[in-house]
Amino acid sequence: SDHYLYEIIDGKQRLRAIIDFYENRFPYKGKYFNDLCYRDQNHFENYAVSVADVRNVDRNTVMKYFVAMNSQGRIMDSAHLDKVRAMIK
């Protein structure tokens with residue numbers, strides 16, 4: 001069978017929090033995932049999360065995507081973005 005490895009370019013902390021809540025590692029507003037009613041658990045489990053699956057790109061392109069995603073909306077710390085920009089060839 002095929003094995004796939006994925007790299008999260010942006011949103012790793014958010015994804016980790018979602019997984020940790022689902023695995024009852026911390027409560028949200030005083031409730032763990034297992035404390036939620038069936039309807040709320042079902043809503044959580046079926047909530048659509050947007051992703052982009054990018055294939056066959058080099059490391060340089062990945063870094064360009066990272067800079068582009070973090071230069072709009074809620075902008076990341078400029079020092080971190082400058083560090084990544086310096087790594088782009």
Side-chain angles (χ1 to χ4, degrees):
S1 76
D2 292 334
H3 296 285
Y4 297 98
L5 296 176
Y6 291 92
E7 178 179 14
I8 299 169
I9 297 173
D10 189 46
K12 184 177 180 180
Q13 287 177 307
R14 189 173 300 120
L15 182 58
R16 184 77 256 163
I18 290 168
I19 292 168
D20 286 349
F21 176 72
Y22 180 75
E23 293 178 345
N24 294 296
R25 295 176 192 261
F26 69 89
Y28 176 70
K29 294 187 177 183
K31 290 191 173 191
Y32 287 87
F33 179 78
N34 280 352
D35 297 332
L36 301 176
C37 68
Y38 172 79
R39 190 188 84 206
D40 290 342
Q41 285 183 4
N42 189 51
H43 179 75
F44 183 92
E45 292 174 335
N46 291 292
Y47 192 84
V49 176
S50 297
V51 298
D53 188 359
V54 180
R55 298 167 190 249
N56 303 318
V57 295
D58 59 15
R59 191 79 186 142
N60 204 49
T61 301
V62 169
M63 288 187 287
K64 286 180 182 179
Y65 287 155
F66 178 84
V67 170
M69 286 186 286
N70 287 286
S71 297
Q72 300 174 17
R74 188 170 179 207
I75 298 175
M76 178 178 278
D77 175 52
S78 61
H80 185 67
L81 283 177
D82 289 342
K83 183 179 176 181
V84 175
R85 283 186 184 106
M87 296 167 61
I88 298 173
K89 299 174 185 174

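Only heavy atoms go into these numbers, but all of them, side chains included; no hydrogens, no water, no symmetry mates. Treat the numbers as computed from the prediction; the structure is a model and nothing was measured.
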(request) For residues F44 and F21, determine if any side-chain heavy atom of one lies less than 4.5 Å from a side-chain heavy atom of the other. (result) yes
(request) Identify whether Y22 and F26 are in the same connected component of the hydrophobic contact network (ILVMFWY, side-chain heavy atoms under 4.5 Å). (result) yes
(message) With side chain to side chain donor-acceptor pair (under 3.5 Å) as the rule and sequence neighbours excluded, what pairs involving residues 56-68 come up?
(response) E7-R59, D58-T61
(message) With rounding to the nearest 0.5 angstrom, report the CE to CZ distance, M69 to F66.
(response) 7.5 Å
(message) Tell me the closest heavy-atom pair linking I8 and L15, and the distance in Å.
(response) CD1-CD2, 3.2 Å
(message) I need the minimum non-hydrogen distance between Q41 and L36, along with the two atoms involved.
(response) NE2-O, 3.3 Å
(message) Would you compute the distance between atom CD1 of I18 and atom CD of Q13 and round it to the nearest 0.5 angstrom?
(response) 12.0 Å
(message) With heavy-atom distances below 4.5 Å as the criterion, would you say the side chains of E45 and F33 are in contact?
(response) yes
(message) Counting only heavy atoms not in R14 (residues, nucleotides, ligands), do more than 12 fall under 6.0 Å from its CZ?
(response) no
(message) With rounding to the nearest 0.5 angstrom, report the CE to CD1 distance, M63 to I9.
(response) 11.0 Å
(request) May I ask you to decide if N42's main-chain N or O and N46's side chain share a donor-acceptor pair within less than 3.5 Å? (result) yes
(request) Look only at the side chain of N24 and the backbone of N34, and say whether a donor-acceptor pair between them is shorter than 3.5 Å. (result) yes
(request) Measure from the side-chain N and O atoms of D35 to the backbone N and O of Y32, and report whether any donor-acceptor pair falls under 3.5 Å. (result) yes
(request) Check whether any side-chain heavy atom of R55 sits under 4.5 Å from a side-chain heavy atom of D53, and report yes or no. (result) yes
(request) Check whether I88 and V57 end up in the same hydrophobic cluster, where Ile, Leu, Val, Met, Phe, Trp and Tyr are linked by side-chain heavy atoms less than 4.5 Å apart. (result) yes
